[in-house]
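Report on one structure; see the data block that follows.
Counting starts at 1 for both ligands and their atoms, in listed order. Keep in mind that the numbers below use all heavy atoms, side chains included, and drop hydrogens, waters and symmetry copies.
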Amino acid sequence: MDTTSFTKKSIGLETVEPALTPPTKIAPANFAKKTKIGTGKSKTKKRDIPEGLWTKCPTCETMIFDKELDENLKVCPKCNHHFPIGSRERIHSLVETCTFEEMDAGMTSVDMLGFKGAATYKSKLEAYKKNTTLKDAVLTGLCKIGEHRVALGVMDFDFLGGSMGSVVGEKLTRLIERGTEKESPVVIISTSGGARMYEGMFSLMQMAKTSAALAYHAQEKLPYISVLTHPTTAGVMASYATLGDLILAEPGAMIGFAGPRVIKDTTQAELPPGFQTAEFLLDHGLIDAIVSRKEMKAQLIAYLDFLTAGKKAAVAAAQC
Ligand SMILES: [Zn+2]
């Protein structure tokens with residue numbers, strides 16, 4: 001259909017000698033030549049654009065220059081669609097320059113169960129380490145966000161779907177414990193498909209371990225802010241991700257325990273529109289605010305100011 005409309009256009013453009021040319025025989029020959037030239041041109045145009053320079057927004061279908069997308073923290077400048085962002089880029093967007101002191105950087109998962117499926121767990125770990133240059137699905141460390149000393153954990157979906165194995169659980173537990181020890185607020189930015197099946201029970205027990213560490217942190221009346229990004233599901237959602245004093249989410253993030261298809265099949269009921277999106281959960285009271293990625297740092301500082309104001313005042317009063 002496109003080619004016919006194209007040839008029609010080319011007739012319109014070639015109106016110099018229509019009356020002189022016999023209408024049926026010569027004209028198609030001209031069309032063939034024209035279309036060949038046309039397609040040739042578009043091919044060379046495509047060749048001129050190296051792959052990986054442009055990204056199509058899945059929401060508004062705008063083609064975005066990758067450099068522009070990176071500068072905009074992987075947020076579509078047209079429609080505010082939030083693309084996935086790596087843990088390192090996210091840390092860079094949140095913390096004060098050179099203040100991030102990474103903890104447990106060398107900690108790596110062990111194939112305790114000798115898991116073998118279509119591929120062994122060991123081979124998967126090696127492949128993901130190589131492709132992502134990460135050791136596991138979370139980066140943790142102490143840093144400064146504004147004037148606040150914060151214990152920050154940032155998950156990375158690129159490493160085995162952000163799954164929570166024993167390393168993710170242990171790194172976050174140590175982070176929370178360090179936060180308690182240093183009397184610092186904890187901020188965890190989650191993205192996860194859930195518990196890491198390759199580690200079986202070792203993976204599931206991380207839910208209890210991280211939750212217990214947060215309980216001790218809360219006992220000291222220290223704030224914990226949980227940020228949910230697309231997607232945050234299953235075991236992570238059922239443990240530390242929903243234990244925040246404040247629970248924030250990025251716009252459009254898919255958040256839930258089981259996936260919508262599983263729920264639909266189990267309950268045999270139609271799911272409401274927007275089910276399991278950040279917006280739906282804000283309406284229903286599970287999360288406290290939706291914060292755009294570009295506003296996240298400023299908002300975290302504002303929330304931390306608010307949550308630590310009482311403690312600061314108490315310290316100031318004690319000194320007087
Ligand atoms: Zn868009």
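- Atoms of the protein (N, O or S only) found under 2.8 Å from the Zn ion (ligand 1) are C57 SG, C60 SG, C76 SG, C79 SG.
- Closest non-hydrogen pair, R88 versus T133, comes out as NH2-O, 2.7 Å.
- Cluster partners of I247, by chain and number: L228, M237, I255, I263, L271, F275, F280, L281, L282, L286, I287, I290. The rule joins Ile, Leu, Val, Met, Phe, Trp and Tyr whenever side-chain heavy atoms lie under 4.5 Å apart.
- In this structure, R178 and L142 have side chains that are in contact, with non-hydrogen atoms separated by less than 4.5 Å.
- The closest donor-acceptor contact from the side chain of K171 to the backbone of V138 lies under 3.5 Å.
- In terms of modelled atom types and a separation under 3.5 Å, the side chain of S163 and the main chain of A195 share no donor-acceptor contact.
- Under the 4.5 Å side-chain heavy-atom criterion for Ile, Leu, Val, Met, Phe, Trp and Tyr, V95 and L300 are members of the same hydrophobic cluster.
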